[in-house]
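Comments concern the structure below.
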Amino acid sequence: MALAQTSALLISLGLALLGMIVGSSQTRAEGGATIVSPPTAAAPAPGGEASEAVDVSLSPECRVPGSKLYTLARLNSVKAALKEKRPVRVLAIGSSSAGAGASATYPVKLETALERSLPNVDVEVESRGMQGEIASGAAERLRSMVAEVEPDLVVWQVGTHDALARVDLDAFASALDETVQWIKSHDIDVVLVNPVYTASLAQDEYYSSIVRKVQEVALREGVPLVQRYEAMRYLSGSSDKGEAHMLGRQFRLNDLGLRCMAEHVTRAITLSLLQPDPAATGTAGAPALIVAPPKDASVKPSPPRSGGASLEDKP
């Protein structure tokens, strides 16, 4: 990437950040974490109930409010790859990364969405998922995968099969926590993607507990989280088919579900790249900002630019 192109990317990131951080911030007593509050609600619906605006950078079929889609954290290794002007290497693990049937398209969709959102950046997505794999199994394989791929970022879909296998909650959380720590100790970024949603499993307290455990680990370890469960529940509520329009047999996402997940992961990554460095904010040692998207009415997708898409282009 030429110096001028790199500068343009950083300017684009900075301008997008100014447009996306909305609301007031507060400081936690422990750790000094700064949390940016979500935007004000959109205009009340006809029934009188206020609704949160969706993220309009996503394609219409995949639009979800930011609070139901992601929590954000800094991605230092990906930023380093951008500064060094080298390809960003992504290792995708989890069941939808296994390459069986429609899921074979997920790594391609993710790579395409990332390159569209990061102008003039070469992204290489390597898929190493296994159908039905639980967290402890992925942890055992991860060392060899990392040595072979040498990724800057691991995108880990986790929890669905642990829940179906009724893995002990504490054992699941411990395996996930320890593995995320191991990945981070090797200067590799992590993005977690929590379990899929179905109306029947939403009634299962154990399944809900697994979803919460993934959220707790992401917060504790300070890594971005794609809230696939909440996003699918939101999108299912807007379709007469429920989750069936995104989910096929055996809890496998269909083509639309995979496309939306690729867009959602990409959105979490690009917004996490906007998180300020500690040196720039005076918050060294504190967890990163959690930023909600702007109101629907205040953001319009930008037209394509020559040489690459802007951060606000639709994936």
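Here, residue 1 is the first one in the sequence, and each next residue gets the next number. Since we're looking at a predicted model, the values are computed, not measured.
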Do [X] and [Y] touch side chain to side chain, with heavy atoms closer than 4.5 Å?
X	Y	value
K184	Q181	no
L153	V155	yes
L247	L253	yes
I93	L91	yes
V265	M261	yes
D152	V90	no

Open item on the list: With side-chain contact (heavy atoms from CB on, under 4.5 Å) as the criterion, how do Y234 and V54 come out once you've worked through the C-alpha distance, each side chain's angles and the decisive distance to 0.1 Å?
Closed with: CA-CA 10 Å; Y234 180 89; V54 296; 3.2 Å; yes

Side-chain donor or acceptor of [X] paired with backbone N/O of [Y] under 3.5 Å:
X	Y	answer
H264	C62	yes
E111	E126	no
R89	E150	yes
R128	G94	no
D55	R63	no

Open item on the list: Among L225, V193, V226, which residue satisfies the side-chain contact (heavy atoms from CB on, under 4.5 Å) criterion with V214?
Closed with: L225

TODO: Pick out which of T266, V123, T112 makes a side-chain contact (heavy atoms from CB on, under 4.5 Å) with S117.
DONE: T266

Reported [atom1]-to-[atom2] distance for the pair [X] and [Y], which is rounded to 0.5 angstrom:
X	Y	atom1	atom2	value
D162	S136	CG	OG	6.5 Å
L164	Y207	CG	OH	6.0 Å
E221	T179	CD	OG1	10.0 Å
D187	N76	CG	CG	9.0 Å
E124	E115	CD	CD	8.5 Å
L82	L273	CG	CG	6.0 Å

Check [X] against [Y] and note the closest heavy-atom contact, atom names and distance.
X	Y	value
A268	Y70	CB-CB, 4.0 Å
V190	P224	O-CD, 3.2 Å
A81	P87	CB-O, 4.3 Å
P151	V146	CD-O, 3.7 Å
A173	K213	CB-CD, 3.9 Å
R267	S57	NE-OG, 2.9 Å

Open item on the list: If you apply the rule side-chain contact (heavy atoms from CB on, under 4.5 Å), what do you find for W156 with V223, and how did you get there?
Closed with: CA-CA 11 Å; W156 191 359; V223 300; over 6 Å; no

TODO: Given side chain to side chain donor-acceptor pair (under 3.5 Å), test R74 with S272 step by step and report yes or no.
DONE: CA-CA 5 Å; R74 288 184 295 272; S272 288; over 6 Å; no

- [ ] Dump the intermediate steps for side-chain contact (heavy atoms from CB on, under 4.5 Å) on V88 and D122, then the final yes or no.
- [x] CA-CA 6 Å; V88 175; D122 184 18; over 6 Å; no

For [Y], is there an ion pair with [X] - N to carboxylate O distance below 4.0 angstrom?
X	Y	result
D204	R166	yes
K79	D189	no
R143	E148	no
K109	E263	no

Open item on the list: For a side-chain contact (heavy atoms from CB on, under 4.5 Å) check, start with the C-alpha distance between N194 and V158, then their side-chain angles and the critical distance, and finish with the verdict.
Closed with: CA-CA 6 Å; N194 68 13; V158 65; over 6 Å; no

Open item on the list: For a side chain to side chain donor-acceptor pair (under 3.5 Å) check, start with the C-alpha distance between R259 and S59, then their side-chain angles and the critical distance, and finish with the verdict.
Closed with: CA-CA 10 Å; R259 177 163 65 84; S59 60; 3.0 Å; yes

Open item on the list: Looking only at side-chain N and O atoms, does S236 offer a donor or acceptor that is under 3.5 Å from a partner on R233?
Closed with: no

Task: Partner set under side-chain hydrogen bond (donor to acceptor under 3.5 Å, both in side chains) for S174, not counting sequence neighbours - done: E178

Open item on the list: The test is salt bridge (Lys or Arg N to Asp or Glu O under 4.0 Å); show your working for E205 and R212 and say whether it passes.
Closed with: CA-CA 10 Å; E205 177 56 32; R212 288 193 295 270; 2.5 Å; yes

Open item on the list: In terms of relative ring orientation, are Y197 and Y229 parallel, tilted or perpendicular, with 30° and 60° separating the classes?
Closed with: perpendicular

